[in-house]
Amino acid sequence: MGGQKQSRAGQGYSIETITVAGMTIKEYVSSNGIVFAVAWRGTGAPDLPRLFGSYFDEYRDGLTALQNRKPRIRKPLVLKTAHLVVERAGHSRSMWGRAFIPALLPATISPDDIQ
Amino acid sequence: MKYFAIACAFISLTSGCGGGGDSGGGGVSPPPPGSGNVLTVSVGASSVCGNNVDLLCAQVTICQPGTSSCQTISDILVDLGSFGLRVFGSVLSISLSQEVDAQGHPIGECAFFADGSALWGPVQFADVMLGGGPAVRVPIHVITSTFAGQSSSQNPCNSVVASTPRDAGFNGILGIGVFIHDCGPVCETQSNNNLYFSCNASTCTSTVVSLSNQVQNPVSLLPSDNNGVILALPNVPAMGAQALSGSLILGIGTAMNNSPPAGVSTFTTDQNGFLTTIYKGTTFGQSVIDSGSNGYFFPDPSLPLCAMPIQDFYCPASPANLSATVIGTNGRQAAISFQVANASSLFQTGNDVFNNLGGQFSSIDWGLPFFLGRTVCVGIEGRPSTLGTGPFLAF
């Protein structure tokens, strides 16, 4: 996977951009090396188990609970779990999403900057 | 009954605008309403889709390829946010032809949606008839959570996928948005696309699939009427309606009954199918107009959110009158007025159709309420029409 790193050293984080099979993925990495946010856009969905790591099960459980609600609402996803905020939107050819861990967000970045 | 009366009045209105067509098919009589290139679409009227709000559904006829063994399937979600036909295998009583790769392995697919959901199952060839028109042979997605030894919780989609129409809220999805193929060039060239899979008894591996073998918009394969669709829906009162019916007309300006209404504007989408919307001074470049979403979804911190469990919806004390500007890549723009009422009050009516249901999101999704009381034309990519060449939306 050819990655590209953009430094935002002055702001205490860097962004690594990876392109895989029509999907562009950005990882937001804090100065101490922790990934605190990811964003993606492209066709389909990225490898979320790999991207979310230990948070994947929390994401999946939250999503399942949301989808079991009645009435079942079809809308862009906004999911807030104990540690994670996830959004997904677009249409099947051009989907985008982002996820971040609010507790780990550096003060120099707002959620709107993650995209 | 009064809503069906509204629907009938509307249908006569749309057929009334069929004059002046430029089809050049001299001597060809227009098809009678309800057949040929017209599908009846409804909200709240059918057994599976009727369990949900603002969910637009139709029926399609699917045949075993090359035979007269056919089945009509109801409760098919009409979706501009996806491309191609998907039907639960559990509702099929006919057998279709499995698509295979060069080694003879069956092809399976994951389809992803903006709500975070995914569907899994084999890709199979079917002869599909829309609205009594000619059959087209097309790869469709047969939704089957157990295909190739997988399950609703363990599958290549890395998602909990729906196992039954009841889980999903529909028997299938008819994706008739601006694109032809559900994946496109990426899946033709990149084997690690994680959408198409070559499967054996219990293992599936991501694989390339040619454009012609991808699940695709059946409208694009019609012998005529293949440049897009027109979705014409009546409006509903402020507190909603129990049910509604309207028309999905195939083709734009290709027959006597599908001339666009006078005065519609064409908004060309970008290469990703997005339009731009400006709302309260903020520009959203990835806006969608999507009949498969159940409400208006947009960010507005001044509107109070509802209490659990509908906390994603807005619950203003009185209906909010709002406006936004939609812009196409062709520079065309239009102000859109819309209203958002208290979702909790709307749901308490027990109605299924609302033109003023809104909820929170960080970008803009003009869902089904946008379509009520409108005639919206959807131009397929690369196809010329009297409104221009797709991809576009016109209203």
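Everything numeric here is computed off the predicted structure, so don't read it as measured data. A, B, ... follow the sequence lines: proteins, then strands. Residue 1 opens every chain. These values consider heavy atoms only, across backbone and side chains, with no hydrogens, waters or symmetry-generated copies.
- Atom CZ of B:Phe83 sits about 4.5 Å away from atom OG of A:Ser92, to the nearest 0.5 Å.
- Atom-to-atom distance recorded for A:Leu51:CG and B:Asn158:CG is 11.0 Å, nearest 0.5 angstrom.
- Residue A:Leu63 holds its CG atom at 8.0 Å from OG of B:Ser117, rounded to the nearest 0.5 Å.
- Contact count versus chain A (heavy atoms, under 4.5 Å) is highest, among B:Cys157, B:Pro309, B:Gly169, for B:Pro309.
- Interface remark: B:Phe170 contributes side-chain atoms only to the contact with chain A (heavy atom separation under 4.5 Å).
- Counting heavy atoms from C-beta outward, B:Asp115 and A:Lys75 have side chains that stay 4.5 Å or more apart.
- Among B:Asp79, B:Val160, B:Val288, B:Asn52, the residue with the largest count of heavy-atom pairs under 4.5 Å with chain A is B:Asn52.
- Rounding to the nearest 0.5 Å gives a distance of 9.0 Å between OG1 of A:Thr43 and CG of B:Asn193.
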(message) side chain to side chain contact (heavy atoms under 4.5 Å, CB included) for A:Val78 and B:Phe297? Distances and angles first, verdict last.
(response) CA-CA 11 Å; A:Val78 182; B:Phe297 297 100; over 6 Å; no
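- Under the rule for a ring-ring contact (aromatic ring centres under 6.0 Å, His included), the partners of B:Tyr279 that lie at least two apart in sequence or sit in another chain are B:Phe298.
- Looking only at side-chain heavy atoms (C-beta outward), A:Val20 and B:Asn194 stay at 4.5 Å or farther from each other.
- Here A:Ala45 is the residue among A:Gly22, A:Ala45, A:Pro46 with the most heavy-atom pairs under 4.5 Å with chain B.
- Of residues 93-103 of chain A, those residues lying under 4.5 Å from chain B by any heavy-atom pair are A:Arg93, A:Ser94, A:Met95, A:Trp96, A:Arg98.
- Note on B:Ser153, B:Ala118, B:Cys183, B:Gly184: by heavy-atom pairs under 4.5 Å with chain A, the leading option is B:Cys183.
- Chosen from A:Ala89, A:Pro76, A:Gly44, the residue pairing most often with chain B at heavy-atom distances under 4.5 Å is A:Pro76.
- Only the side chain of B:Leu77 comes within less than 4.5 Å of a heavy atom in chain A; its backbone stays farther off.
- Across all non-hydrogen atoms, the minimal contact from A:Arg74 to B:Leu55 is CD-CD1, 3.8 Å.
- Enclosure of atom NZ in B:Lys280 by more than 12 non-hydrogen atoms of other residues, nucleotides or ligands within 6.0 angstrom is indicated.
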(message) Walk me through whether B:Phe179 and A:His91 qualify under ring pair (Phe, Tyr, Trp, His ring centres under 6.0 Å).
(response) CA-CA 10 Å; B:Phe179 293 117; A:His91 56 75; 5.7 Å; yes
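- Note that CD of B:Gln190 and CE of A:Met23 are 11.5 Å apart. Values are rounded to the nearest 0.5 Å.
- For A:Arg69, the CZ atom sits in a packed shell: over 12 heavy atoms of surrounding residues, nucleotides or ligands are nearer than 6.0 Å.
- Using a 4.5 Å heavy-atom cutoff, the side chains of A:Leu77 and B:Phe113 are not in contact.
- Between B:Ala114 and A:Gly90 the shortest heavy-atom distance is CB-O, 3.4 Å.
- Under the side-chain contact (heavy atoms from CB on, under 4.5 Å) rule, A:Ile73 has a single partner from B:Asp312, B:Val53, B:Asp54, which is B:Val53.
- The OG atom of B:Ser362 sits 7.5 Å away from atom CG of A:Asp112, with the distance rounded to the nearest 0.5 Å.
- Interface remark: of the candidates B:Ala111, B:Cys110, B:Ala168, B:Ala168 forms the most heavy-atom pairs closer than 4.5 Å to chain A.
- The most heavy-atom pairs under 4.5 Å with chain A, out of B:Val186, B:Asp167, B:Asn272, B:Leu195, come from B:Asn272.
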